[in-house]
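Worksheet: one structure, shown below.
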2 protein chains.
Amino acid sequence: MATIGDVAREAGVSRSTVSSVLTGRKYVSPETRAKVDAAVAKLQFSVNAGARALATSRTMALGVVVGFHEAEFSPALAAYLIALSDAAREQGYSVVLLTEPDGVEAVRRAISGRQVDGLILLNVVDDDPRLEPINQARYPAVLLGMPQDTRGVDAVDLDFAAGASMLVDHLADAGHREALFVEWPEELYASGSTYANRFASAARERAERRGLRLVPVAVPVGPEQVRASLRAVLQDPENPRALLIHNDAAVAMLPFALHDLGLEVPADRSVVSLHAAELARLYVLSFTSVESEPVAVCQAAVEMLAKRIASPESPAQKRLVVPHLEAKGSVATVA
Amino acid sequence: MATIGDVAREAGVSRSTVSSVLTGRKYVSPETRAKVDAAVAKLQFSVNAGARALATSRTMALGVVVGFHEAEFSPALAAYLIALSDAAREQGYSVVLLTEPDGVEAVRRAISGRQVDGLILLNVVDDDPRLEPINQARYPAVLLGMPQDTRGVDAVDLDFAAGASMLVDHLADAGHREALFVEWPEELYASGSTYANRFASAARERAERRGLRLVPVAVPVGPEQVRASLRAVLQDPENPRALLIHNDAAVAMLPFALHDLGLEVPADRSVVSLHAAELARLYVLSFTSVESEPVAVCQAAVEMLAKRIASPESPAQKRLVVPHLEAKGSVATVA
DNA sequence: TCGGTCCAGTGTACCGGTTCGCTAGAGGTC
DNA sequence: GACCTCTAGCGAACCGGTACACTGGACCGA
């Protein structure tokens with residue numbers, strides 16, 4: 001492995017000149033730069049990340065904290081990890097995975113080990129205990145997820161409220177006056193997961209404004225139960241013929257429930273939904289929908305984190321990524 | 001951030017003594033060690049990973065190469081990433097994600113950047129171009145997946161042949177004399193994915209030995225087509241009533257195809273299958289099956305890599321992780 | 001011709017650890 | 001008491017970069 005000294009010798013210049021060429025922080029004449037570049041290429045030199053980190057006290061690495069492993073069960077996780085890594089690379093950062101089951105401990109160790117320049121926390125919930133050490137150390141970090149109290153830490157999330165409004169508008173624009181609102185199980189709303197609540201209240205508010213009557217539907221847990229409960233709801237002739245869905249399990253099972261009853265979309269039922277992008281791929285869904293935007297969200301997160309690292313004292317930011325509605329013809333126009 | 005010098009001053013000893021305590025490489029008297037430990041605790045000291053890496057020329061980090069992003073579409077990927085990170089942490093390593101779309105370039109940069117001590121390659125196929133730079137640099141690496149020619153690189157994979165034998169035995173033990181063998185699409189067998197071939201030939205061989213007649217079934221691509229094709233196969237009264245499945249899409253769709261036809265398992269059909277562990281969770285499958293073992297495979301991979309880093313010259317290893325069969329009562333006993 | 005500017009490039013200290021040769025002193029032996 | 005041995009801890013060099021004060025020479029104006 002060639003070092004910067006080898007390159008300097010090969011190019012006939014000093015180590016500091018080579019360094020200037022490498023970092024680009026100081027002017028070097030084109031001729032000298034060419035000599036250095038040639039030497040670098042000849043020796044296949046590439047800077048030692050650890051040495052540079054030591055000298056600059058910047059590791060150019062970001063830590064991604066995958067909390068509690070609850071995320072392990074989410075098929076969407078991989079998409080986020082890859083999107084984060086891609087976005088980081090674009091900004092010159094690499095990504096280190098922090099999967100300690102105890103998220104707080106993971107954060108503590110990351111901060112004190114100076115192995116990374118900043119942290120990205122996945123699956124953030126309200127009153128997330130991982131915020132404590134970050135807040136205390138005033139450590140650069142970005143949350144993926146938007147707790148009510150971000151405790152002075154930057155945060156990014158999908159704009160669930162905007163998504164809800166889009167979907168309600170889409171139904172209302174098509175002439176619907178009422179719709180079933182298939183929500184998450186009760187527990188989720190109670191357990192400090194804010195996105196469910198943000199979606200629900202925005203949906204209700206917009207629906208009221210647009211004169212769309214929402215009929216809430218509670219759905220149980222477990223695919224078979226979800227399917228049965230959807231069947232029951234779809235069968236009831238009293239129920240509206242439009243469905244607004246914010247519940248991944250219900251979205252995944254809906255095609256089967258519809259199939260069970262011989263119902264067609266959009267002829268018999270209109271469907272709009274907000275769900276994880278990954279879900280659409282796995283279950284090959286074709287409903288007009290708003291999907292989560294892992295790439296955009298992750299890019300925003302990495303961008304914010306890079307800025308935060310550059311200026312640690314600037315005020316905390318919150319950013320909501322507005323999703324887009326993809327029309328797939330699952331909504332019938334009503335007179 | 002406290003440095004080793006701060007700790008030394010606080011404890012009233014020299015930096016090298018603190019280092020001896022930290023690394024444990026040299027005897028230090030209990031009293032002195034206690035003083036150092038106290039100082040470390042008081043100052044919340046923790047070693048600077050970069051500085052240590054520079055001094056030891058060991059980064060204690062492993063790179064995980066997620067190739068081509070084809071993996072992005074696999075819901076199983078996250079399970080592997082987390083299992084790798086967990087296993088690495090147990091051995092004192094951290095994990096860096098390398099997601100460059102061009103896998104060869106990712107490998108090259110990882111090797112020359114000395115940012116990691118070794119590489120783990122995911123989704124390895126036959127004639128994987130990423131093997132070239134590794135082989136050339138004689139760089140420590142482990143493949144997840146077992147190409148025919150590992151080119152002198154260590155490799156780990158699930159023992160698909162053993163899994164196939166277990167499943168065939170399970171059917172034969174229950175008295176079945178014939179079974180449908182639902183395979184992957186043609187293309188996969190042709191495209192240098194060795195696991196499909198390893199499973200298939202082991203299944204055929206074992207079936208012959210056990211006197212089980214296998215009726216191969218080609219399944220198309222796409223969930224709806226898979227479902228339809230399964231329905232057709234299940235409906236044909238000529239076909240065997242037992243199914244041996246090695247095709248994730250078919251496994252996922254089978255419950256729906258069975259439901260379509262009003263068939264019950266194991267009363268009407270016996271089913272055994274080998275599939276990704278993640279699949280069973282997502283689709284709530286309940287077939288007697290052999291599942292992929294992400295945790296065991298990843299642990300084996302990290303172990304092998306750690307050994308390889310420690311002794312770069314020892315001969316290359318291949319290791320197959322034997323999966324276990326989980327009986328879930330989906331096989332009927334035949335007279 | 002002399003002093004002042006500017007510029008490209010150099011020398012050196014430093015980042016925070018590890019390693020290894022060295023030494024002071026305790027203890028043992030004759 | 002002189003000599004040897006052993007041991008715990010010390011000091012300095014080193015890992016591979018970066019950064020900054022500095023220098024020698026070219027150029028310019030008076």
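Numbers restart at 1 for each chain; the letters A, B, ... are given by sequence-line order, proteins then strands.
Taking atom CZ of A/Arg25 as the reference point, atom C1' of D/dC20 lies 13 Å away to the nearest angstrom. Here D/dA13 presents its C1' atom at 13 Å from CG of B/Leu54, a figure rounded to the nearest Å. Between B/Arg58 atom CZ and C/dG17 atom P the separation is 19 Å, expressed in whole Å. Remark: C1' of D/dA13 and CZ of B/Arg15 are 11 Å apart, rounded to the nearest angstrom. Taking atom CE of B/Met60 as the reference point, atom P of D/dC15 lies 21 Å away to the nearest angstrom. In this entry the distance linking CG of A/Asn48 with C1' of D/dG17 reads 7 Å, nearest Å. The distance from atom CG of B/Asp6 to atom P of C/dC15 is 11 Å, rounded to the nearest whole Å. Counting to the nearest Å, the P atom of C/dA8 and the NZ atom of A/Lys35 are 14 Å from each other.
Residue-level contact check: A/Ser20 touches neither bases nor backbone, having no heavy atom under 4.0 Å from any strand. If you check every strand for non-hydrogen atoms under 4.0 Å, A/Val18 touches nothing. At the heavy-atom level, A/Ser29 lies under 4.0 Å from the strands shown only through sugar-phosphate atoms.
Closest contact between the side chain of A/Arg114 and the listed nucleotides C/dA8, C/dT12, C/dG17 involves C/dG17. Side-chain atoms of B/Thr17 lie closest to D/dC10 of the nucleotides D/dC10, C/dG17, D/dC20. Which of D/dG16, C/dG17, D/dG11 sits closest to the side chain of B/Ser16 comes down to D/dG11. Among the nucleotides D/dG17, C/dT18, C/dA8, the one closest to any side-chain atom of B/Ala55 is C/dT18. Here the side chain of B/Lys26 is nearest to one of D/dG17, C/dG21, C/dG11, namely C/dG21.
Across all their heavy atoms, A/Ala301 and A/Val142 have their closest contact at O-CG2, 3.8 Å. Closest heavy-atom contact between A/Arg114 and A/Thr59: O-CG2, 3.3 Å.
The phosphate of D/dG16 has neither OP1 nor OP2 within less than 4.0 Å of any side-chain N or O from A/Thr3.
Using modelled atom types and a 3.5 Å distance limit, the side chains of A/Thr99 and B/Asp86 yield a donor-acceptor pair.
Heavy-atom contacts from other residues, nucleotides or ligands closer than 6.0 Å to CG of B/Asp127 number 12 or fewer.
When the options B/Arg308, B/Gln317, B/Lys307 are evaluated for a side chain to side chain donor-acceptor pair (under 3.5 Å) with B/Asp154, the one that passes is B/Arg308.
Mapping A/Arg52 and B/Tyr27 onto DNA chain D by nearest heavy atom places B/Tyr27 at the nucleotide closer to the 5' end.
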